[in-house]
A.B. asks: 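Can you read through this structure? Questions will come right after.
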Amino acid sequence: MKQIAIAAAALAALLSASGARAQESVKIGLLQSFSGITSLSGQQTDGAVKLFMKQNGDTAGGKKIEFVRRDTTGPNPEVARRLVQEVVTREKVQLLIGPDFTPNTLAAAPILMEAKVPSFVNGAATTGIIGEKSSYSSRTFFATPQLCRPLAEYAVKNNWKRVFVAVADFAPGHDCEKYFVEALAAASGVLAGQLRVPLSNPEFSGYMQRIRDAKPDALFIFMPLGELSIGILRAVSDSGLKGSGIKIMGTGDITDETYLDAVGDAAIGTITSGIYSTRHESELNKKFVREYTELNGPSPRIGWTAVSIYDAMRLAYDGLNAQAGGKFDPDKFVSFVHGRSFESPRGPVTIDKGNGDITQNVYIRRTDKVDGVLQNVEIETFKDVGFK
Amino acid sequence: MAAVLTVLFNGIAYGFLLFIMSVGLSVSLGMMNFVNLAQASFSMLGGYAMVAATQRFGVPFLASLPIAFLAAAAASVLIERLVLRHFYDTDDLTQVLLTLGLVFMSIAAVTYFWGGSYQRFDLPAWLTGQQDVLGLTLETYRIFLVLTGALLAALLIFGLERTRFGAMVRACVDNQRVAGACGLNTQLIFAGAFAIGGGLAGLGGALAANLLGLDPNFPLRYLVYILIIVSVGGMGTISGTLAAGLALGTADVMGKYYFPQFGGVAIYAATVAVMLWRPHGLMGRRA
C-alpha cells in the first residue's frame, strides 16, 4: 500500500512538472478520421498540417506547437465525445481542430463550451451547428446551403428549367434537397421529379430509367463522398442518360479530386458547385498545390479537406501570434478569429463575426480532362455566398 | 413497354452480378460446410489483381480475369493451409468470428499496399456505352455480365455438382476418415475445393469492380449482399444461388423503378418473405 502511495506521489510530481513545462507550448488537438472508410480525409489532414508546419515553422506567438492526434474513426458521436473529453481534460489542449462530421461536432460542443476550448469545425456541413451552442467554434469547411443553392440559379439561367433531384437518403441529403428545391422555385424553375437513394446502394439502373422517363433538362445529384458518388456518375454515363442531352449537375462531393480518377471519363462534362478546386487560378493556390504535392506525393490528390485544415492552421497561428508573449486566452482568441477575412488557396474567406460560420466564394466547375488528368475547372463564381 | 423491358433486363444483369459475387461462398459453404466470410476478401483481391494487371502491366481486360481467378485461388489455398484447416471441426460461430477477423486483416493489408483510395481503371471501349438489341438500348457491360454469368453458371452446375470431383469433396466432408480410408487424399481435395471457391470469388470481384467501385472497404460493404444471396438460394446449391441472384436482382431494380420512395427495401422484403416461406432457402436441403 505504501509503495503505491509513493508511486502515486511520484507520478503526480512528474505530471505537474510536465504541466509546468507545457506553459511555453500550445497543444492543439487534431481529431479526424484517420482509419476506416473516411481515412482519406485523415490523410489529407496530416498532409496539410505537415505542409503548414514546413512553411510556417513549429512556433506561433513564441509558443511551441504540439499536436495531440486522435482518430474519430468516422461519424461516431460516442467515440468523439470520449476523445474530446480526453484531449481537453487529460491532455489539456488549448485549441482543437475537429472533430469531423456533424454528429461528432454536436457531441463535442458542450464540452468545448464548458472548457472554453476554441475549435475549428471541418468535415461537417450541416447548417446551424455553429453558433450559439458552440460559440467557441469556427467553421473553415462549408455549410450545405452554400453548395446546394447556387446550382439551381445557374441551371435556370442556362435555360435548364426542368430539373430532376436525386439525393442520398440521409439527413444532409434531405437538407440539400430542401435548399435546392427552394432555390429552384425562387428562380422559377420546374421540379421534374425527385428521388432518394438509400445509403447502401450498389445498383442505380432502376433510378436511371425513372429519371429518363421524367424527361428533365438537367439532373441534380447530392451524394456523400465515396462509392455512391462514383456509382451514380458511372450509372448516368453507362445508362446513356448523359448522352441523351440531360445536363448532369451536383455538389462538389460527386467529383471530389480524391476519387475523381476512379470515376473516370464518365465524369467529363459534370457541372458541380464547389468551394475548392486544385485548378483554382491564384498564385497562392498554385504554390499550395505545388508544395503539397512535393511534400506528400501526388496520391491521394488534394481535396477540400486539405484546404479546410490548412486554413484552420492559418487561423490558429494568426490567433496565437496576435496574443504573443502572454498567457493563452481563449476568449481573446475567439474574438480575434471571428470576423477575420483572409486569402485561402480556395479564394477569399470570411469567418462570420456573429457566429463563427464561414462566408466564401462558391465556384461552378465543369469536369474536364486537362493535360490528360480529370480536373474540376472553374467556369463561374458566386461571390461571398453566406452560410444560411 | 421498352422502358419496362429495359428495366427487366437491367434487373437480370444485376442478378447475374449478385450471382457471380456470391457463388464463391456458396461453393465453399456447400461443398465444405465451412462458413468462410473471407470470401468477400478474396473478391476484393481478385478486383485488385485485375486492376494491377490491366493498369500496371497493360494486360487486356479479358485476359486479366483468369489472373484474378488464379490470384484469389492461390491466396485462398494459402489461407486454408495456414489457418482455416485447423478449424474444420469447430462450430459455425467460431468460423464466422475467425473469418470475419481475416476480413479486417485483409482490409488493413490492402490499405497498406495500395492505399485507401478508390482504384482507377478503364474498361476497353468495346465494353462501354450502349448497344441496340431487338429495339432496346442496353448497356454493353450488362450484356457482357449476363453472358459471362450464364456461362459460369452452366460450367459450375454441370462441371462441379455432377462430376466425380464434386462427389469426392462431398464424401470427404461427410466423413473424412472413411473417405481417407477409401484412398482419397482428403487434404488435397479440401485445398482444391477451397481454390475453386476462392478463385470464383476473385473472378466475381474483378467483374463487379466496374459497377461497384473498388477500395479497401469493399468486403464489408458487399458482404451483406453476398450472405443474403447465399442464404436465400439455399446453402451450397449453385442453381439456388443463381435463382436467388436473379430473383432478388430483378426485385431490386423493379422496386427502385416503380416505387423509388421505398428505396432499396424490395431486396430485403423479398429476403424476409423467402426465408419465412422456405427457411433453408429456395433450393436448400435440410441440413
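Quick note on labels: first sequence line is chain A, next is B, and so on, each numbered from 1. Small disclaimer: the values here were computed from a predicted structure and weren't measured.
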A.B. asks: B:Gly115, B:Gly11, B:Gly116: which one forms the most heavy-atom pairs within less than 4.5 Å of chain A?
C.D. replies: B:Gly116
A.B. asks: With a 4.5 angstrom heavy-atom cut-off, is it the side chain or the backbone of B:Asp215 that approaches chain A, or both, or neither?
C.D. replies: neither
A.B. asks: I'd like to verify something: which residue of A:Asp213, A:Asp265, A:Val263 has the highest number of heavy-atom pairs under 4.5 Å with chain B?
C.D. replies: A:Asp213
A.B. asks: In terms of heavy-atom pairs under 4.5 Å, which option from A:Ala266, A:Gly226, A:Gly264 contacts chain B the most?
C.D. replies: A:Gly226
A.B. asks: Is it the side chain or the backbone of A:Asp238 that comes within 4.5 Å of chain B heavy atoms, both, or neither?
C.D. replies: both
A.B. asks: Is it the backbone or the side chain of B:Ser117 that comes under 4.5 Å from a heavy atom of chain A, or both, or neither?
C.D. replies: both
A.B. asks: Checking B:Thr148 side chain against B:Phe144 main chain: does a donor-acceptor pair fall under 3.5 Å?
C.D. replies: yes
A.B. asks: Report the option among A:Ser299, A:Ser35, A:Ser39, A:Ser200 that has the most heavy-atom pairs separated by less than 4.5 Å from atoms of chain B.
C.D. replies: A:Ser200
A.B. asks: Working to the nearest 0.5 Å, report the span between CG of A:Asp71 and CG of A:Leu83.
C.D. replies: 8.0 Å
A.B. asks: For chain A, which candidate among B:Tyr258, B:Tyr141, B:Tyr225 shows the most heavy-atom pairs at distances under 4.5 Å?
C.D. replies: B:Tyr225
A.B. asks: Nearest 0.5 Å please: distance from the CG atom of A:Leu260 over to the CD1 atom of A:Ile230.
C.D. replies: 9.5 Å
A.B. asks: Against chain B, work out which of A:Ser239, A:Pro300, A:Pro198 has the most heavy-atom pairs shorter than 4.5 Å and name it.
C.D. replies: A:Ser239
A.B. asks: Would you verify whether the NZ or CZ of A:Arg234 falls within 45 degrees of the ring axis of B:Phe121 while also being under 6.0 Å from that six-membered ring's centre?
C.D. replies: yes
A.B. asks: Using heavy-atom distances under 4.5 Å, tell me whether A:Gln194 contacts chain B through its side chain, its backbone, both, or neither.
C.D. replies: neither
A.B. asks: Using 0.5 Å steps for rounding, measure from the CZ atom of B:Phe16 to the CG atom of B:Leu242.
C.D. replies: 5.5 Å
A.B. asks: Would you mind telling me which of B:Thr140, B:Asn217, B:Asn10 has the largest number of heavy-atom pairs within less than 4.5 Å of chain A?
C.D. replies: B:Asn217
A.B. asks: Hey, does B:Phe9 have a side-chain heavy atom less than 4.5 Å from the side chain of B:Val253?
C.D. replies: no
A.B. asks: Find the distance between CG (A:Leu184) and CZ (A:Phe220) and round it off to the nearest 0.5 Å.
C.D. replies: 10.0 Å
A.B. asks: Between A:Ile268 and A:Asp368, is there a side-chain heavy-atom distance shorter than 4.5 Å?
C.D. replies: yes
A.B. asks: If you count heavy-atom pairs under 4.5 Å between each of B:Met254, B:Arg221, B:Gln261 and chain A, which one has the most?
C.D. replies: B:Arg221
